[in-house]
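Start at 1 and go down the list; that is how both ligands and their atoms are numbered.
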Amino acid sequence: MKEKTTAIVLAAGQGKRMHSKIQKQFLEIQGHPVLYYSLKCFQESPLIHDIIIVTGEDMISYCKREIVERYQLTKVSAVIAGGKERYDSVYKGLLACEECKYVFIHDGARPFITEEILERGMFGVQETGACVVGMPSKDTVKVADEADFVSETPDRKRVWTVQTPQIFSYDLIKKAHESIRKKDMTAITDDAMVVEQESGVQVRLVEGSYQNIKITTPEDLDVAEVFLKKIEKM
Ligand SMILES: Nc1ccn([C@@H]2O[C@H](COP(=O)(O)OP(=O)(O)OP(=O)(O)O)[C@@H](O)[C@H]2O)c(=O)n1
Ligand SMILES: C[C@](O)(CO)[C@H](O)COP(=O)(O)O
């Protein structure tokens, strides 16, 4: 089915900045693992046909049992092993996709996506085949030189901090990842930059939300608890 849309959900990171024995995507907030919340959104979205979970080799059976079976995530078509870096895990996810038109690449460490965000992403990707969700920066951003002196202050109106999901035409993102893998790869921190560097395709920015945080350091868990309590009351 060529019109299919697949979500690749990344959960193979070590979470070093969290300093926890349990990897952050498996820590519980309000009684459920962080990873569950974004999977639930993809499971319930009419835009998404199937879901691939990318996790550590040693966590595959845990994910199948404690996430996919426990929450009856019927759209999950595969749970596969990721790689050393985030971009390796993305590439493995892309290789595991069955024929599809679009892919939503998402950090399993971002629990607060919504159907509205997915809709904006799906709308945005139609234009050029590449779309990222993000938000305009609330802070003024400085670009530093190598000695930590300010080298530039970009116009804040033009500065966005980007989130996931990042949504692409499958053929475009697969080709871009294949192309960058032939080079010396350093500091590839998102998928949009792979498209920026390896194709002439423009990447559309659409609004995510200020709530769509990535669980990265311990204080993010406190913030996540607050957001969840607020969501539960709605
Ligand atoms: N080799 C990797 C590295 C990261 N990720 C995933 O990519 C997302 C975003 O990465 P990040 O927040 O940097 O996670 P970690 O790499 O786990 O964190 P840290 O850098 O603190 O170790 C997370 O959902 C993480 O599980 C992945 O699937 N495979
Ligand atoms: C893809 C991403 O979530 C966009 O903000 C982010 O770049 C992941 O980066 P990290 O270095 O893995 O935290």
K.L.:
So which pairs with a foot in residues 172-208 pass ring pair (Phe, Tyr, Trp, His ring centres under 6.0 Å), sequence neighbours left out?
P.N.:
none
K.L.:
What I'd like to find out is whether the side chain of Q211 reaches to under 4.5 Å of the side chain of K230, using heavy atoms alone.
P.N.:
yes
K.L.:
Short N/O distance, under 3.5 Å, between G15 and ligand 1?
P.N.:
yes
K.L.:
Tell me, which protein residue and heavy-atom name are nearest atom 28 (O) of ligand 1, and how many Å apart are they?
P.N.:
A12 N, 2.9 Å
K.L.:
Would you mind listing which atoms of ligand 2 come within a distance below 4.0 Å of any non-hydrogen atom of R86?
P.N.:
1 (C)
K.L.:
Please determine if Q166 has a nitrogen or oxygen closer than 3.5 Å to a nitrogen or oxygen of ligand 2.
P.N.:
no
K.L.:
Determine, step by step, whether T217 and E219 satisfy the side-chain hydrogen bond (donor to acceptor under 3.5 Å, both in side chains) criterion, reporting the C-alpha distance in whole Å, the side-chain angles of both residues, the deciding distance to 0.1 Å, and the verdict.
P.N.:
CA-CA 6 Å; T217 53; E219 61 273 16; 3.1 Å; yes
K.L.:
Under a 4.0 angstrom heavy-atom cut-off, which atoms of ligand 1 come close to Q14?
P.N.:
17 (O)
K.L.:
State, to 0.1 Å, how close V9 and G108 come at their nearest heavy-atom pair, and which atoms those are.
P.N.:
CG1-CA, 3.8 Å
K.L.:
Below 3.5 angstrom, do we get any N/O pair linking L10 and ligand 1?
P.N.:
yes
K.L.:
Please list the nearest protein heavy atom to atom 5 (O) of ligand 2 with its residue and the distance rounded to 0.1 Å.
P.N.:
V162 O, 2.7 Å
K.L.:
Which atoms of ligand 2 sit under 4.0 Å from any heavy atom of R110?
P.N.:
2 (C), 3 (O), 4 (C), 5 (O)
K.L.:
Can you find an N or O of D190 that's nearer than 3.5 Å to an N or O of ligand 2?
P.N.:
no
K.L.:
More than 12 foreign heavy atoms under 6.0 Å from CZ of R158: is that the case here?
P.N.:
no
K.L.:
Would one find an N or O of K214, backbone or side chain, under 3.5 Å from an N or O of ligand 2?
P.N.:
yes
K.L.:
Got an N/O contact under 3.5 Å between G13 and ligand 1?
P.N.:
yes
K.L.:
Please identify which atoms of ligand 1 are closer than 4.0 Å to at least one heavy atom of E85.
P.N.:
1 (N), 2 (C)
K.L.:
Any donor and acceptor pair, going by atom type alone, linking the side chain of H49 with main-chain N or O of T6 inside 3.5 Å?
P.N.:
no
K.L.:
Would you mind finding which of R86, R17, K24, K214 brings a heavy atom closest to atom 2 (C) of ligand 1?
P.N.:
R86
K.L.:
Can a donor-acceptor pair be found, under 3.5 Å and without considering hydrogens, that links the side chain of E69 to the backbone of E66?
P.N.:
no
K.L.:
Are any of the N or O atoms of T164 closer than 3.5 Å to those of ligand 2?
P.N.:
no
K.L.:
Provide the number and element of each atom of ligand 1 under 4.0 Å from a heavy atom of D107.
P.N.:
7 (O), 8 (C), 9 (C), 24 (O)
K.L.:
Starting from atom 11 (O) of ligand 2, locate the nearest protein heavy atom and write down its residue, its atom name and how far away it is, to 0.1 Å.
P.N.:
R17 NH2, 3.9 Å
K.L.:
With rounding to the nearest 0.5 angstrom, report the SG to CD1 distance, C63 to I80.
P.N.:
11.5 Å
K.L.:
Over 60° means perpendicular and under 30° means parallel, so classify the ring planes of F112 and Y37, tilted if in between.
P.N.:
tilted
K.L.:
In plain terms, say whether R110 and D107 are close enough for a salt bridge, that is, a side-chain N and a carboxylate O under 4.0 Å apart.
P.N.:
yes
K.L.:
Is the shortest distance from a Lys or Arg side-chain nitrogen in E178 or K174 to a carboxylate oxygen in the other one below 4.0 Å?
P.N.:
yes
K.L.:
Which residue and non-hydrogen atom of the protein lie closest to atom 9 (O) of ligand 2, and at what distance in Å?
P.N.:
T189 O, 3.6 Å
K.L.:
At what distance is the nearest protein heavy atom to atom 3 (O) of ligand 2, and which residue and atom is it?
P.N.:
D107 OD2, 2.5 Å
K.L.:
Atoms of ligand 1 less than 4.0 Å from K16 heavy atoms?
P.N.:
19 (P), 21 (O), 22 (O)
K.L.:
What distance separates Y170 OH from E98 CD, expressed to the nearest 0.5 Å?
P.N.:
10.5 Å
K.L.:
Which of the atoms of ligand 1 are close to K84, meaning less than 4.0 Å from one of its heavy atoms?
P.N.:
1 (N)
K.L.:
Give the atoms of ligand 1, by number and element, whose distance to some non-hydrogen atom of S89 is under 4.0 Å.
P.N.:
1 (N), 2 (C), 27 (C), 28 (O), 29 (N)
K.L.:
Just heavy atoms, cut-off under 4.0 Å: does M193 contact ligand 2 by side chain, backbone, both, or neither?
P.N.:
neither
K.L.:
Should the pair R86-D191 be classified as a salt bridge under the 4.0 Å nitrogen-to-oxygen rule?
P.N.:
yes
